[in-house]
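By convention in this document, chain letters (A, B, ...) are assigned in the order of the sequence lines, proteins followed by strands, and residues within each chain are numbered from 1.
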Amino acid sequence: MGSLFTPLSWSDSGLILTGVWNTIIISVLAIVVGTVLGLIVGFARAESNRWVNMLFGGVLDVLRSVPLIIQLILFSTFMGAAGSPLAPFVAGSIVLSLYTMAFMSEVFRGGFESVSPSMQIAARSLGMTKWQTIYHIRLPIGLRAVFPSWLGVSLSVIKDSALVSVIGYMELLRTSEQLISRTQQPLEILIGVGIFYFIISYPLSHYGRYVERKMAI
Amino acid sequence: DQLDTVIQRGTLNCGVVLDFPPMGYFDENNNPAGFDVDYCNDLGEALGVDVNVLNLTWGERIPSLVSGKTDVVIGSTSDTLERAKTVGFTYPYFVFKFQVIAHEDKNIQSFDDLKNLKVGAALGTTYETEYLAYAEQQGWGKDNYTSFKSENDAYLGLYQGKVDAIISTNTNIATKLRSEEFDDFVAGPYVPNYDDVVGIIAKRDEVAWINYLNLFLVRQIRDGNMNEAYNKHFGTDVPADLIKTLRDNK
Amino acid sequence: MISVQNVHKSFGDLEVLKGVSLDVQKGEVVSVIGGSGSGKSTLLYCINAIETINSGKILVDDVDVHARDTNKDKLRQKLGMVFQQWNSFPHMTVLENAALAPRIVKKMSKEEAMEIAKKELEHVGLGDKLDVYPTKMSGGQQQRLAIARAMAMRPDYMLLDEVTSALDPELVGEVLDTLRMLAEDGMTMICVTHEMGFARDVSDRVAYFHQGVIAEIGEARQVITDPQNPLTQKFLSKVR
Amino acid sequence: MISVQNVHKSFGDLEVLKGVSLDVQKGEVVSVIGGSGSGKSTLLYCINAIETINSGKILVDDVDVHARDTNKDKLRQKLGMVFQQWNSFPHMTVLENAALAPRIVKKMSKEEAMEIAKKELEHVGLGDKLDVYPTKMSGGQQQRLAIARAMAMRPDYMLLDEVTSALDPELVGEVLDTLRMLAEDGMTMICVTHEMGFARDVSDRVAYFHQGVIAEIGEARQVITDPQNPLTQKFLSKVR
Amino acid sequence: MDYEFHWNVVFQNMPQLLNGAFVTLHVSVLAMLLGIVIAILLAIAKMNNTKFFSQVATVWVEIARNTPALFQIYMAYFGLGAFGIHLSPYAAVLSALVFINAGYLTETFRGGFQSIPSTQYSASKSLGMTSFQAYWHIILPQMLRRIYHPMTNQFVWSILMSSLGILVGMSELSGTTQRLQSLSFRTLEFFIVAAVMYFIITKLVLFGSSLLARRLFKGEI
Ligand SMILES: Nc1ncnc2c1ncn2[C@@H]1O[C@H](COP(=O)(O)OP(=O)(O)OP(=O)(O)O)[C@@H](O)[C@H]1O
Ligand SMILES: Nc1ncnc2c1ncn2[C@@H]1O[C@H](COP(=O)(O)OP(=O)(O)OP(=O)(O)O)[C@@H](O)[C@H]1O
Ligand SMILES: [Mg+2]
Ligand SMILES: [Mg+2]
C-alpha cells in the first residue's frame, strides 16, 4: 500500500483536462438550449396577454427563486425516485438549461419590449405584415439591444455550472476536489481553478461592457 | 426486479464513498481503490457483470439509490432503524469503532478531554450524530463543533488546523496515521459505548436483490475474499472478533 | 382619392374623433393644424388602418379601409406615412432602410429594390449617405430618410404627421424643402403640421382640428391669414 | 452689474470663447442669440463659475468671479440660473424643489423657506401644483418651476439658457410670459434664446454670438430687425 | 412512481429547518450590509485619481465578478486555511458573499452615480449649494432610487448563494437540510421543503423591499 497522499503530478493533467472539458461542454449546452428556449418564452411573454404571462411568470419565478444547488439535487433525486434515473450530465444539463432559460427569457422579453411601438407602426405603415415586422425589425433590433445582458447571463451560467458537481458531474471543480483530497494541496489547485474561470470570463465580460458602452452612445 | 435488471444490463452501478480510506479512495492514478471497491468488484464477478464504481459523498448515498443512479451502495452505511425506513440494509459487512484523532500536543486521554477543544466530523455521518448527542448530554454546546462536507474535508481541516480534533473511524485513522503528513497526529479515545455496524444498502423493496447481497456477504467471508481484501488494505488478517461481531449481528 | 366620412373614434371613454369628414382629391395637398390632443395623429392612423374606427367610413380609392375583408397590408402600400419621431431602422444602413419594404413587401429582386431606393434617397439629398447607419445622422437627415423610405414603395398618397416638430430649428428647413418638392411633383398629401408658413405656402387646403372635429376648412392662404372661426383665430394667434 | 472682460475659454484644444466682453447693468435685460455651438451656454457657465476661464476677467458686483479666494457658492446665490433642459429635482415635490436651496443654503427655517417658495411658485402660476412631483408636469411647467426655484433664492441676476427650446411650441408662450413678467419687475437678466420675437420685444439689448465672439451687439429692436453685420443677417434669415 | 413520501419526519424537524432558514437570512443580510459598505469605498476608490487605489478596487471587482461563488467559498475556507487563517464555515461563507457582493455592487454604485445627469449637479451648484450639499440632497437620493432595484436583486442572489454553505458544512438552510436528510434518508421531502422555504424567503424579501421602496421614494424618477 503506497502513501495515501501523493503530490500533484503531470499525470493528473488528463483528469484536469477532463474537468475543463466537461465544464465547457455543459456550459455551452446550457447556454445554447437556454438561449433558444429563452428566446421563445421571452417572445411569447412580450406578445401574450396577462394570464398567459402570469402562468409563465410563476414557473420562471420558481426557477429564479430557488437555489440552483437545491434544484439540481431535487431534480436528479426526483427523476430517480420516479423510476427514470438520469446520468449526472443529463440531469445537470436539463436543470442548468432551464435555469438559464428563466434568466434569458427575461432578457429577451426586455429586448422585445424595448423596440418602440412606433418603430413597429412605421414598419407596418410600409405594408409589412405582422410577421415580416417581427422578423425584420423587432427581432434584430431587440436582439442587438440585449447582447450585453445576454453575455452577462451566459457568463454567470459558466460560473454556476460549477454547482453541477453536487450531483456527481465531474466538472472542473469536482475534479479539483478529488485532487485536493489526494494531494492535500488545496491552495495550488484552487488558484489554478480560479485562473481558468477568470481567463474565460474576464475578456468576455469586458467585451460585453465595451459593447454596452458603445451602444449607449 | 433489480437483480434481473443488473444482469441484463451487464453493468453493476456500485456506489462507494471514495474519500474514506482505506474503504474507498483514489490511488495515485486517480483510479478508485479500497476495501469497498474490492467488494464491488467481487460482487460484479459473482454476478458476471462489469462494474461501474461511482464516487459518492456521505450525503449522496441514499439519493443515488433512490434516484437509481446506483444499484447498490457499498459505503460503510450505519444500519440505523430510522434509515431502514427508507432503504434496505443487508447483514453487516464491517464494524467500525469511532475514534478521535488529534495533534499529539493536545494530549487527549479520554473522550471528556474534548470538552474545550474544537472538534469536527463529516456532515451526515453517524459519528457526527454520536458526538453531538454526547456533547449535548454533557452540556458542551455546539459552538466548538464544525461539520465538514466530506471525510476528506474533515482531515484537511484537521491538517490545516481548523479544528483540534476530528472524529472518524478507527480504520480510517489508522490509515491516515501511516502517512507522513500525519506524523504529528495520534489516535485518541474511542467514542464511548458505540460500535458502528455497517451494511450494504439497496432499494428497500428489492427484497430478492437484498437476499442475493446477503448471500454474497456470507460467501465473502466463507470464500476468503474478505480476508484477502482486509489483508490488502489493513495489512493483517481479519481479526477474529470482527468476524464474530459480524456473525452475531447477522 | 381619400374620403373620410363622419368618422368616430374613441379610446376607452375618451372620444377623440367626433364625426370627421374630409375628402382629399388626387394631387391635392391638405394641411391639418390644431392643438395638442385634438386628434390629428389619430385621424392619420385611422386612414392607414393602424387604428380601428368606431363608426363612419374611410375610403381609399373606393376601397373601404376598415372593412373586414380588406387586405390592410396591401392597402398600406398605397399610403406612405412619416411620423413625428423619426423611426429609421437602426440595424440597417440608409440604403437597406429604404430598400427593405420594396424587397420583402413588393417581392422585388434585391437589385431592383436597391435601384429604386437609391433613386428616392438621391431625390431627398441623401445620395452620399447610402452606406451610413442612420444613428450617425442628424434628425433632419433621418426624417428625409423616412420620407424616401415611404416613397420607395411608390405610394399614391403620403400621410405626414408633424414631421418637423422633433427637429432642431436649423434642420426644419431641409425637411420642409423636401416636402415642397414632393408637392410640386404632384404627390397627394395630408400633412399634420405646426409650420404655418408651410401650410400657407405649400398646401391647397388647410383644416383646423379642434377637439375631435374639423372646426374650419378652406383654401390654405385664406384659413391661415384670415380665419373665420374664432377658435381658429385664437389658435393661430397663440402659435405665431 | 456683470462685467465680462475679454474672456477666453477652451475645452482641450477647442477654443469656445475667443475674447468675449460684455457689460450688463442693473435692471437691464440682454438677449444672446447665435448658432449652435457658438459658445452661448459656455459664457453663462463661466459667469456662474460652473466652468473656469483661461484668461480675462468676469466681475459680478465688482467681485472677481474666478479669483481663488472668491467664495463661489456664496456668489452663485446672487446669480439665479435656468437651463435649457429643465433640471427639476425628480425626487422632491414642486414645493420642496423650490424651498430646498433657501433652507439649506440660506439656512432659513423650514416654514420661512416654504413661505418664500410658495410665493414664487404662485408668481409663476404653479400655486396649485405644490405637492405634485415634477415628473408629472409638462415641460413648460417644469421650466416655470426652475424659474421659481431660482427666484426663491432672491438673486440679483438671472441667467437663462434657452429656457424654451426644449418645449413643445404651445408651452413656449407660458414660459416667455413668465420671463416677461420678471423683466417688468426689473430683474437683471441675460437670456440666451432662439425666440427672436422675445429678444426683440422684451430685451434692452441683443448680442449676436458667432464662433466664440460677439459679432454684433446693440439695441434689441435694431439688431433683430435691421442687423448690420452680414453674419447676423444670414443667421436671422435662416432662423425666421 | 413508487416513491413513498414520509412527511412526518420533516415536520418533526421543522424547528431545525426554521433555524437554518434564520441562519440563511442572517448571513445574507450581514453579507449585504458589509458588501454595501465596502462597495461604497471601492466605488470611490475606483473613481479616484490615485492609481493605486483604483487598481486595488479594479482587481477586487474583476476577481469577484469573474470567478464562481463556489470557488470563492472554497478559497475562503481551505484556500486561506493553507495560510493558517481559519474561518468557521459561517465566516467563510460570509466573507465570500461579502467579497462578491462588494464586487458587483461597486459597479452598480458607479453606474448609478454616472447615470445622474451632471446637469443635476450644475443646477444645484447654480442655486449656491456647496458640493457636499449637492451630493447629499440631490445626487445621492436620486442615485439610491436607481440602485435600489439592482441592490434588491443582489440581496436575493446572496440568499440563494448562501445555499453553497452546504459545501463547507455550514448550518444554514441547505446545510441543515442536508444533515437532516442524511439522518433519515428522506431526501426528496427535505429538499422540497427547503425549496419552498427559499421561495418564500425570496418572495418576502422582494415584497418587503417594494413596500420599503414605496415609503422611501414617493416621487418618481
Ligand atoms: N393609443 C391610445 N390610447 C389611448 N388614448 C390615446 C391613444 N392615442 C391617442 N390617445 C389620446 O387621444 C387624444 C388625441 O391624440 P392625438 O395623438 O390624435 O392628438 P394630436 O392632435 O395628434 O396631438 P399632438 O399635436 O400632441 O400630436 C389624446 O388625448 C391622446 O391622449
Ligand atoms: N464640457 C465640455 N467639454 C468639451 N466641449 C464642450 C463642453 N461644453 C461645451 N463644449 C463645446 O463647446 C462648444 C460651445 O458649446 P456651447 O454649449 O457653449 O454652445 P451653445 O452656443 O450654447 O450652443 P447651443 O445653441 O447648441 O446650446 C461646442 O462645440 C461644444 O461641443
Ligand atoms: Mg400627433
Ligand atoms: Mg447652449
Trainee: Should E/Thr202 and A/Arg64 count as side-chain neighbours, where that means a heavy-atom distance under 4.5 Å?
Mentor: no
Trainee: Enumerate by number any residue of residues 155-169 of chain A whose heavy atoms lie under 4.5 Å from heavy atoms of chain E; in the absence of such residues, state 'none'.
Mentor: A/Lys159, A/Asp160, A/Ala162, A/Leu163, A/Ser165, A/Val166
Trainee: For the interface with chain A, which of E/Leu160, E/Ile192, E/Thr187, E/Leu173 has the highest count of heavy-atom pairs at distances below 4.5 Å?
Mentor: E/Leu160
Trainee: Using 30° and 60° as the class limits, which term best fits the ring planes of E/Phe217 and E/Tyr148: parallel, tilted or perpendicular?
Mentor: perpendicular
Trainee: Measure distances from E/Met197 to the heavy atoms of chain A and classify the residue's part below 4.5 Å as side chain, backbone, both or neither.
Mentor: neither
Trainee: Among E/Ala69, E/Ala82, E/Ser163, who wins on heavy-atom pairs under 4.5 Å with chain A?
Mentor: E/Ser163
Trainee: Above 12 or not: heavy atoms from other molecules or residues under 6.0 Å from NE2 of E/His26?
Mentor: no
Trainee: Does atom CZ (E/Phe53) have a neighbourhood of more than 12 heavy atoms from anything else shown, all under 6.0 Å?
Mentor: no
Trainee: Side chains of A/Glu47 and A/Phe112: closer than 4.5 Å at any heavy-atom pair?
Mentor: no
Trainee: Heavy-atom distance under 4.5 Å to chain E: side chain of A/Pro186, backbone, both or neither?
Mentor: side chain
Trainee: Please classify the contact of E/Leu167 with chain A as side chain, backbone, both or neither, using a heavy-atom distance under 4.5 Å.
Mentor: side chain
Trainee: If I measure from the heavy atoms of chain A, does E/Gln72 come under 4.5 Å with its side chain, its backbone, both, or neither?
Mentor: neither
Trainee: Assign the ring pair E/Trp7 / E/Phe5 to parallel, tilted or perpendicular, where the plane angle (0 to 90°) is split at 30° and 60°.
Mentor: parallel
Trainee: What option among A/Ile189, A/Ile69, A/Ile191 has the most heavy-atom pairs under 4.5 Å with chain E?
Mentor: A/Ile69
Trainee: Test of understanding: with ring-ring contact (aromatic ring centres under 6.0 Å, His included), list the residues that count as partners of A/Phe75, not counting sequence neighbours.
Mentor: none
Trainee: Count the heavy-atom pairs under 4.5 Å between each of A/Thr77, A/Val62, A/Leu68, A/Leu74 and chain E, then report the option with the highest count.
Mentor: A/Leu74
Trainee: Any residues in residues 94-105 of chain A near chain E, with a heavy-atom distance under 4.5 Å, and which are they?
Mentor: none
Trainee: Donor-acceptor pair, distance only, cut-off 3.5 Å: does the side chain of A/Glu177 make one with the backbone of A/Ile180?
Mentor: no
Trainee: For A/Ala81 and E/Leu188, work out which heavy atoms get closest and say how close.
Mentor: CB-CD1, 3.8 Å
Trainee: Taking all heavy atoms of E/Leu105 and all of E/Gly35, pick out the closest pair and write down the distance.
Mentor: CD1-C, 4.1 Å
Trainee: If we only count heavy atoms from C-beta on, is the E/Leu17 to E/Phe22 side-chain gap below 4.5 Å?
Mentor: no
Trainee: Looking at E/Glu172 and E/Arg179, is any side-chain nitrogen of the basic one under 4.0 Å from a carboxylate oxygen of the acidic one?
Mentor: no
Trainee: Are side-chain heavy atoms of E/Pro68 and A/Leu173 found at a separation under 4.5 Å?
Mentor: no
Trainee: Step by step, work out the salt bridge (charged side-chain N to carboxylate O under 4.0 Å, His left out) result for A/Glu113 and A/Arg138.
Mentor: CA-CA 9 Å; A/Glu113 285 176 351; A/Arg138 206 152 168 215; over 6 Å; no
Trainee: Let me know if E/Ile200 has heavy atoms under 4.5 Å from chain A in its side chain, its backbone, both or neither.
Mentor: neither
Trainee: Determine whether the aromatic ring centres of A/Tyr210 and A/His206 lie less than 6.0 Å apart.
Mentor: no
Trainee: Working to the nearest 0.5 angstrom, can you tell me the gap between E/Tyr77 OH and E/Leu164 CG?
Mentor: 14.5 Å
Trainee: Are there residues of residues 12-42 of chain A whose heavy atoms fall under 4.5 Å of chain E's heavy atoms? If so, which?
Mentor: none
Trainee: Name the member of A/Ile199, A/Val193, A/Ile200, A/Ile73 that forms the most heavy-atom pairs with chain E at distances under 4.5 Å.
Mentor: A/Ile73
Trainee: Can you tell me how far CD of E/Gln16 sits from CZ of E/Phe190, rounded to the nearest 0.5 angstrom?
Mentor: 8.5 Å
Trainee: Output yes when a side-chain donor or acceptor of E/Gln154 lies under 3.5 Å from a complementary backbone atom of E/Met32, and no otherwise.
Mentor: no
